[in-house]
Chemist: 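Below are the structure tokens for one structure; questions will follow.
Sequence lines set the chain letters: A, B, ... in the order given, protein chains first and strands last, and positions in each chain run from 1.
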Number of protein chains: 2
Amino acid sequence: MLMCVGCNNTSCLIKNCNPDWIEKISLQKNTPVYPKGQYIFFEGSLVMGAYFIKKGHVKIVSSNLQGKEQTVRLAKAGHMIGHTAFGLEKYSIGAVTLSDSEICFVDNNTLQQAFLENPKFTIEVMRFYSRELRKSEIRTKCLALMNNEEKVILGLLYIADTFSEEETNEVEIHLNRQEIAQIIGTNSEQVSRVISILKKDQLLETKERTIILKDIKHLKSTISHYSFANEY
Amino acid sequence: MLMCVGCNNTSCLIKNCNPDWIEKISLQKNTPVYPKGQYIFFEGSLVMGAYFIKKGHVKIVSSNLQGKEQTVRLAKAGHMIGHTAFGLEKYSIGAVTLSDSEICFVDNNTLQQAFLENPKFTIEVMRFYSRELRKSEIRTKCLALMNNEEKVILGLLYIADTFSEEETNEVEIHLNRQEIAQIIGTNSEQVSRVISILKKDQLLETKERTIILKDIKHLKSTISHYSFANEY
DNA sequence: CGTGCTTTTGAATAGTATCAAGGCCGGTGG
DNA sequence: CCACCGGCCTTGATACTATTCAAAAGCACG
């Protein structure tokens, strides 16, 4: 049994509950270990509760019936995925791990009670959703107005932001071309082309199949006219 | 002074506060009347509080520095716009009325206190943001995967959903081609072309400059393979 | 009844997606 | 250890879609 007290994930939203509730949630939740590439929940399945990422990286995906898949959000430790539903409701999105992950699941009933009795917790969850909504809306704008090259740069920066722990000017990316393409709504060939151009411009290197961004600041500056602040 | 008690907007989130807080907010808020086409707040301005739409329709917009504007969300009575910020923070988006509107403004301090003391209110605001996030993510998918014709249909349905009060199979739309184009990330010519096609197919009529959707159900069915549920 | 804006439509252009082929590993099995 | 196989990546050619440019028609307003 993994207790929340002593959990090293300082950004976990559950930490905003008061001590007895943190213990209550500790006892109720479970925290499976997901290997890379595993589904956490599927599009169309029933919502039983919410997931709090303790460790690892996750993509939120949505498909059409022809099987084309779009990645609509990336999430990392401290993020909440799934959502809180009253009664029966189905996920309109799915979630897949991008790296080995540990993810805490809390069921709807416990969550509802926790919300009612822990205002600070509820407020922080609300603010989390509010922030994510803003980010999603800025992404909508970018995907609507940008050309392919700009979109690829946006995607790489978004991935870098999600995957790098500390502030740095150099980040490694381990997603393949297809996965990057699905984040920005294009195909793997286009991603490959843009990466080739950026390689010529010395903005990144590729070693085997990992991409190494060499100059995050410069990359950011190339698309900075689309939004102020570092929100993807 | 417009008091919340007796306000006919049943879907207002503030109604979830307890009676004394509803009165407190009533006394503090103010409710300007905005004519059509008016800015409620600008991209880049300071966040002083949140706005609750009492009456009317609003578009949330975001621009790049070249002046191209994208509409990222539509909002109607009962929706909350702007967001709750701690300390100094700037809007990354702007809001413009699409029809004559009445919009209640509540400042940050009052809101913070209300959140702390009205769990039900906070929960409903959280759930509102959660729902909007899901809708935004489904929109991301649609805009990424759809072709132009499908996007126009999506846009028309989204507008119809926002503007029509009751469930009906026929809705009038009073936005111009340019405004529709900005919702789906294209230009007015494309919108015009698709509308011509849909007119030939008897799915809509145009009278002067208003668009009348004649068969919402049929329009929905043409893009139904992109998502289940009626979420835009 | 002009004047100016929006809409519509066509044609030219640019950009993106698709198709196809070859190269580059990494893994497997001889 | 090496050869082969399969998957991913890269690049080019082609087809297609969407954007841009332009012109004419429609409508709204003074």
Chemist: Are B:R73 and A:E137 side-chain neighbours, meaning at least one heavy-atom pair lies under 4.5 Å?
Modeler: yes
Chemist: Using atom CE of A:M146 as one end and atom P of C:dG15 as the other, report the distance to the nearest whole Å.
Modeler: 16 Å
Chemist: NZ of A:K207 versus P of D:dC8: gap in Å, rounded?
Modeler: 22 Å
Chemist: Which distance, rounded to the nearest 0.5 Å, do you find between the CZ of B:R139 and the CD1 of B:I183?
Modeler: 7.0 Å
Chemist: In whole angstrom, give the distance that lies between atom CD of A:E150 and atom P of C:dA14.
Modeler: 18 Å
Chemist: Take the protein atom CD1 of B:I180 and the nucleotide atom C1' of C:dT6, then report the distance between them rounded to whole Å.
Modeler: 12 Å
Chemist: Check the distance between D:dC8's P and A:Q182's CD and give it to me in whole angstrom.
Modeler: 12 Å
Chemist: Compare all side-chain heavy atoms of B:L98 with those of B:E179 and state whether any distance is below 4.5 angstrom.
Modeler: yes
Chemist: Is there a side-chain contact between A:S196 and the phosphate of D:dT11, meaning an N or O under 4.0 Å from OP1 or OP2?
Modeler: yes
Chemist: So do the side chains of A:I103 and A:T97 get within less than 4.5 Å of each other, counting heavy atoms only?
Modeler: yes
Chemist: Would you mind reading off the distance between B:L145 atom CG and D:dA18 atom P, rounded to a whole angstrom?
Modeler: 13 Å
Chemist: Which part of the nucleic acid does A:T206 contact within heavy-atom distance under 4.0 Å: base, sugar-phosphate only, or nothing?
Modeler: nothing
Chemist: Quick check against the 3.5 Å criterion: does B:E170 have a side-chain atom that pairs as donor or acceptor with the backbone of B:L213?
Modeler: no
Chemist: Give every pair of a protein N or O atom and an N or O atom of nucleotides 25-30 of chain D that lie under 3.5 Å apart, one pair per line with the distance.
Modeler:
from   : atom 1 : to     : atom 2 : distance (Å)
D:dG26 : N2     : B:R209 : NH2    : 2.9

Chemist: Take atom CG of A:N147 and atom C1' of D:dT17, then tell me their distance rounded to the nearest Å.
Modeler: 16 Å
Chemist: Taking only Lys NZ, Arg NE, NH1 and NH2, and the carboxylate oxygens of Asp or Glu, determine whether A:E89 and B:R134 approach each other closer than 4.0 Å.
Modeler: yes
Chemist: Under 6.0 Å between ring centres, would you say that holds for A:Y91 and A:H83?
Modeler: yes
Chemist: Got B:L157 and B:I223 here, is their nearest side-chain heavy-atom distance under 4.5 Å?
Modeler: yes
Chemist: Taking N or O atoms only and anything under 3.5 Å, show me the protein contacts with nucleotides 17-22 of chain C, one pair per line.
Modeler:
from   : atom 1 : to     : atom 2 : distance (Å)
C:dA17 : OP2    : A:N148 : ND2    : 3.1
C:dA17 : OP2    : A:T186 : OG1    : 2.7
C:dA17 : N7     : A:Q190 : NE2    : 2.9
C:dT18 : O4     : A:R193 : NH2    : 2.9
C:dC19 : N4     : A:E189 : OE2    : 3.3

Chemist: Is B:S188 touching bases, backbone alone, or none of the nucleic acid, heavy atoms closer than 4.0 Å?
Modeler: nothing
Chemist: Take atom CD in B:Q66; do more than 12 heavy atoms of anything else shown fall under 6.0 Å from it?
Modeler: yes
Chemist: Quick one: which of C:dT8, D:dT10, C:dT7 gets closest to the side chain of B:N176?
Modeler: C:dT7
Chemist: Grab the CZ-C1' distance between B:R177 and C:dC5 for me, whole Å please.
Modeler: 13 Å
